[in-house]
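Inspection log for the structure reproduced underneath, given as structure tokens.
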2 protein chains.
Amino acid sequence: MPRRTPVRRSAAKATLTREAIAEAALALIDADGLEALSMRRLGTALGVEAMALYHHFRGKGELLDAVMERLLDEAELPVRGSAPPLERVRHFVESYRKIAINHPHAFILLTYRRFNTERTFELYERFLEALADAGFDPPLAARFFRLLGYYVGGAGLADIASRAAQPDATPVSLEKSPPGERYPCVAAVAPHLRVRNLDAIFEFGLDVIFEAMKKAAARR
Amino acid sequence: MPRRTPVRRSAAKATLTREAIAEAALALIDADGLEALSMRRLGTALGVEAMALYHHFRGKGELLDAVMERLLDEAELPVRGSAPPLERVRHFVESYRKIAINHPHAFILLTYRRFNTERTFELYERFLEALADAGFDPPLAARFFRLLGYYVGGAGLADIASRAAQPDATPVSLEKSPPGERYPCVAAVAPHLRVRNLDAIFEFGLDVIFEAMKKAAARR
DNA sequence: ACCTGAACACCGTTCAAGT
DNA sequence: ACCTGAACACCGTTCAAGT
């Protein structure tokens with residue numbers, strides 16, 4: 001097991017709340033990675049026995065749901081009237097991607113765990129409301145809702161993977177052994193896939209999707 | 001810790017190879033989930049001590065890379081000349097999504113672990129070759145390469161999450177407590193997001209992306 | 001070269017007990 | 001109501017030893 005910084009026992013030891021626990025859990029994940037989050041380590045960080053946490057969460061799954069809610073608090077939900085509907089949606093999607101950038105170890109939770117708490121329903125509602133305001137009927141709203149969700153989830157994860165060090169991987173990497181003549185197309189494209197280009201690539205994909213949305217909205 | 005079927009000790013106990021180990025690992029993941037894959041359980045399944053596996057893989061990370069290669073064997077790579085370039089790409093992307101459907105517990109490996117083995121380079125090469133054949137220069141190929149990768153990765157994960165039971169989640173789910181008047185847009189769209197619609201939704205998103213690719217290809 | 005077995009430092013969770 | 005402490009059934013990996 002790799003790098004895990006010594007856990008700083010909280011001096012304050014304020015009374016435990018779900019919010020404080022989720023906050024500490026996210027801090028631990030941000031610092032040391034998702035695998036480093038354990039009930040024992042989290043307890044230690046909060047100055048408490050691991051089992052104390054079970055008084056606030058039924059188990060680790062519920063704790064992770066609370067961390068997801070904390071993450072989603074950082075997304076800027078579409079607010080009715082603040083801007084034209086599709087602009088609201090785009091801003092929201094861009095803010096969602098920032099969660100991936102700011103919490104590379106935690107973001108994956110948002111892609112493989114279901115959204116099923118009150119606050120996540122609120123997010124869906126604001127998102128779908130903006131799509132309705134843009135003129136999409138429910139079937140079409142469902143399609144663009146999923147398309148955008150797929151895109152921003154996949155982009156977040158892929159960009160994190162591109163940025164991450166992966167010490168446990170099979171040694172031999174694209175950077176170290178240049179593709180050369182065996183992989184000419186890879187060699188030609190690789191320079192355009194550097195980390196510094198990922199923001200522009202993300203926006204390009206959004207352009208493609210929003211172009212289609214504008215056209216679909218104009219058709220009705 | 002949930003359901004883990006008793007491990008069937010292999011009768012044959014053929015000599016250990018990387019391929020046989022990766023195969024058994026994938027079978028274990030398919031049956032019981034990614035968290036159920038442990039070196040100990042895998043050893044037992046193969047009729048061998050856990051430590052024997054370390055003679056073939058440096059650690060669990062390398063083993064997971066081998067499982068990824070096994071998964072990617074199920075993708076149908078674009079083959080030059082078999083069809084027009086964009087059709088080749090679309091067929092490949094659709095076959096990639098089938099990996100998610102067929103290996104819901106393992107697919108996530110392909111989204112958060114980097115591709116950095118020979119066989120994954122081969123996949124990149126065939127993919128990018130088809131994009132080059134379609135007429136895209138390297139910068140544009142890079143953009144559509146990522147766009148498609150984001151989409152198919154995100155779609156695979158999201159569809160898996162939609163289909164999966166999640167016993168450790170916070171109880172209260174969209175299906176159980178109908179949104180009603182608090183979430184009217186969710187209520188309107190939810191019927192169109194049922195599992196049986198996910199295939200059509202995936203194809204809709206591909207239509208959007210390939211429409212843009214056709215237009216971009218025509219411009220040169 | 002390939003595998004074993006004991007050991008080390010971890011996990012999530014149950015359960016009975018304390019205050 | 002909230003927390004502790006011991007216990008149970010697990011982890012990945014190191015290391016020395018066997019063949």
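For clarity, every value in this text was computed on a predicted model and none was experimentally measured. Throughout, protein chains are lettered first and strands after them, A, B, ... in sequence-line order, and every chain is numbered starting at 1.
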Practice problem: Nearest whole angstrom, please: distance from the P of C:dC11 to the CG of A:D32. | Solution: 11 Å
Exercise. Would you kindly give the OH-to-P distance between B:Y54 and C:dA6, to the nearest whole Å?
Key: 18 Å
Quiz item: Which of these nucleotides, D:dC3, C:dG12, D:dG12, is closest to any side-chain atom of A:S38?
Solution: C:dG12
Quiz item: Who passes side chain to side chain donor-acceptor pair (under 3.5 Å) against A:R119, sequence neighbours left out?
Solution: A:E69, A:D73
Self-check item: Partners passing salt bridge (charged side-chain N to carboxylate O under 4.0 Å, His left out) against A:E122 (at least two apart in sequence or in another chain)
Solution: A:R126
Quiz item: Tell me, what's DNA chain D's dot-bracket, Watson-Crick or G-U with both distances under 3.5 Å, | for other-strand, [ ] crossing?
Solution: ||.|||||...|||||.||
Quiz prompt | Separation of atom CZ in A:F57 from atom P in D:dC2, rounded to whole Å | solution = 13 Å
Exercise. Measure from CD on A:E49 to P on C:dG18 and round the result to the nearest Å.
Key: 16 Å
Exercise. Ignoring backbone atoms, establish whether A:H56 has a side-chain N or O less than 4.0 Å from OP1 or OP2 of D:dA1.
Key: no
Quiz item: How many Å lie between CE on A:M51 and P on C:dT14, as a whole number?
Solution: 7 Å
Quiz prompt | Results of side chain to side chain donor-acceptor pair (under 3.5 Å) for A:H103 - residues two or more places apart only | solution = A:D30, A:E74
Quiz item: Which residue, A:H55 or A:R40, contacts DNA chain D at a nucleotide closer to its 5' end, judged by nearest heavy atom?
Solution: A:H55
Quiz item: Would B:Y124 and B:F145 count as a side chain to side chain contact (heavy atoms under 4.5 Å, CB included) if you check the C-alpha gap in whole Å, the side-chain angles of each, and the deciding distance to 0.1 Å?
Solution: CA-CA 9 Å; B:Y124 281 153; B:F145 168 74; 3.4 Å; yes
Quiz item: Roughly, in whole Å, what's the span from CD in B:E35 to C1' in C:dG12?
Solution: 13 Å
Quiz item: For A:L42 and C:dT13, what is the distance between atoms CG and P respectively, to the nearest whole Å?
Solution: 12 Å
Practice problem: Give the rounded distance in Å between these two atoms: CG of A:L37 and C1' of C:dC10. | Solution: 14 Å
Quiz item: Do A:R90 and A:F210 meet the cation-pi criteria used here (NZ or CZ under 6.0 Å from the six-membered ring centre, within 45° of the axis)?
Solution: yes
Quiz item: What residues form a side chain to side chain donor-acceptor pair (under 3.5 Å) with A:R80, not counting sequence neighbours?
Solution: A:E129, A:D133
Self-check item: Pair listing, salt bridge (charged side-chain N to carboxylate O under 4.0 Å, His left out) test, anchored in residues 152-163 of chain B, at least two apart
Solution: A:R146-B:D159, B:R97-B:D159
